[in-house]
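Please read all numbers here as calculations on a predicted model, not as lab measurements. Just follow the structure's listing: the first ligand is 1, and inside any ligand the first atom is 1.
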Amino acid sequence: MTASFAAVLDKALDSGPTDQSEDITAQKDFPLMPYGEAYDMGKADDGTPLIDPRIFNSLEFMRNPYPYYRIMRDHYPVFHDKLHNCYYVTRYQDVTDCYFDDEGFNTIPKGSSSGVLGNTQLELSGVEHRRRRNLYGQHLVGKSLANRIPAIERLAEEMIGDWDSMTHEPFIEDQDGVRTIEIGKAFANEFPIRVVCEVLGFPKEAQGDFYYWYNSMMTGLGGSETHKQGVEARQHLEDYVEGIVEERRKNPTYLYDNDGNVISKDIITKLCETKVDGDYLSTEEITSNIALVVGGGGETTRGAIMNMTYLLLNHPDQFDAVMKDESLWDNAFHETLRHSTPIGGQPRHNTYDIVMHGVHIPAGSLVNMVDFSANHDDRVFKDPETFDIFRDDLYTGKLIRSGYAKEGRYSHMAFGVGPHLCPGAWISHQEATIGVRILSKHLKNMRINTELQAKDIDGKTLAPMGLISVRDLWIDYDLK
Ligand code: HEM
């Protein structure tokens, strides 16, 4: 096996002698396979399927990753990718163990994100991380959030209400009593940013600017060309936040419920009053936290709304069931995140030499935890490629840092587990279920416009999600 694998790798890297007598099929362009089938990259002497690491850069992998992850889980639970100089951990149990081992697997400076978002808790581990983690995380859960739910519902209603005056893209002129609209541009792209802005306690007039800064910061994470745009947007955000912070240090402001009763001080005011190690947080620290919340909660929740809508509309019986029984929205949300999570995994660095599944990982290596794969591990989830809101092996209750694995039910990995478990899990749950519920309440007989919606390689079937969330989702609905 080793010899064949080395030969495939030599060929993949174009770096060494290749024994042409071996049946090696490594190549740079991978054919697009029928969805769910892996391309045969050759076999080792013992019949083990080989993985050519160039597949990870291919269009085929982007649209059809799961059969390849299955090969990795079954044959290379720790895959050493010598082409990209990193390791992939793909089984549910291993990913969970590594996430919990905060000292053995450190979070790492996430490249351009630290430049754009600032010095955030994402990059910290151990005590330093714990000290900062709850600064605002506590305000995104429990009673403080429950009190905000009417405001989140109101925001969704307002955005959908605005459609009546819409005359440009993503709206298509009504025909025969049917309206066609693209849900991302009309709703899902902006809704999570507006919610976060509202929950943090920024004035409503700032929501448009926040959406602009958010978009620019996200573009800035994309690479060197757009990095400058991201850094500039963060500077604008910082200038704006600085003014607000200075003001709130003097005059605290409050959150109110729909009846005008004070709920509590708003999150920015609380951050202004927070001390770490005896010192108040600096404006820079507050801005970084705000940038992280805005950055962390936007694209992810947008993806959850888009994917949940797409999956439910593609499974009309399950959509009908949710419409009849509101309690099933929680199942729909968690099954969406298990089946098609908007965030595929997280990088870590191991702090000491380890051997996992016989693979030696030298200290300081880049080790990728593949949440996508863990969520599709059939050691845990039966028939994992099937979207089924009624599955009896998925935990759909409130998420906890220690994860949930009891009585045959397991938490999905979309929010991570352990010390870095997403503090926005609960609020994004509320946003996504409220958003899709209100959309389905307003859009009568809502269905996918199969002509406009992107197709798979056969030109007929709707495109699979693969490694990216649904970008554009074209919907028809009846006006009467
Ligand atoms: C469906 C939506 C979301 C998904 C799938 C998601 C996913 C994740 C994941 C996987 C992590 C763990 C990172 C790691 O282990 O290194 C994380 C962390 C984080 N998320 Fe989310 N997230 C979502 C929504 C949100 C929202 C709405 C917010 C804020 C309002 C948010 C704020 C954060 C923050 C601040 C962290 C850093 C936590 C830490 O390092 O301790 N996320 N998220």
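Near Q346, with a cut-off below 4.0 Å to any heavy atom, the atoms of ligand 1 are 10 (C), 13 (C), 14 (C), 15 (O), 16 (O). Close approach of ligand 1 to S428 is summarised as follows: ligand atoms under 4.0 Å from at least one heavy atom of the residue are 1 (C), 2 (C), 24 (C), 27 (C). Less than 4.0 angstrom separates some heavy atom of I343 from each of these atoms of ligand 1: 7 (C). Annotation for ligand 1: atoms under 4.0 Å from non-hydrogen atoms of V293 are 29 (C), 30 (C). Close approach of ligand 1 to A414 is summarised as follows: ligand atoms under 4.0 Å from at least one heavy atom of the residue are 5 (C), 7 (C), 10 (C). Less than 4.0 angstrom separates some heavy atom of L292 from each of these atoms of ligand 1: 35 (C). The contact set between ligand 1 and G416, taken as ligand atoms under 4.0 Å from a residue heavy atom, comprises 10 (C).
Judged by a 6.0 Å distance limit and a 45° cone about the ring axis, R302 is not positioned over the six-membered ring of F191.
Counting only residues at least two apart or in different chains, salt bridge (Lys or Arg N to Asp or Glu O under 4.0 Å) contacts with residues 322-332 are absent.
Defined by atom type and a distance below 3.5 Å, a donor-acceptor pair is missing between the side-chain atoms of Q346 and Y99. For H339 and N375, the side-chain atoms include no donor-acceptor pair closer than 3.5 Å. When only modelled atom types and interatomic distance are considered, T253 and R248 share a side-chain donor-acceptor pair under 3.5 Å.
The shortest distance between side-chain heavy atoms of I438 and H442 falls below 4.5 Å.
Put simply, part of R348 is less than 4.0 Å from ligand 1, judged by heavy atoms.
Summarising the contacts of atom 27 (C) of ligand 1 with G418, G297, A304, the nearest heavy atom is found in G297. The option from P347, C422, G296, G424 that lies nearest to atom 20 (N) of ligand 1, judged by heavy atoms, is C422.
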Quiz: residues 392-400 side-chain donor-acceptor pairs under 3.5 angstrom, not counting sequence neighbours:
residue, atom, partner, partner atom, Å
D392, OD1, K382, NZ, 2.9
D393, OD1, R391, NH1, 3.1
D393, OD2, K382, N, 2.8
D393, OD2, R391, NH1, 3.3
Y395, OH, K398, N, 3.3
Y395, OH, K398, O, 2.8

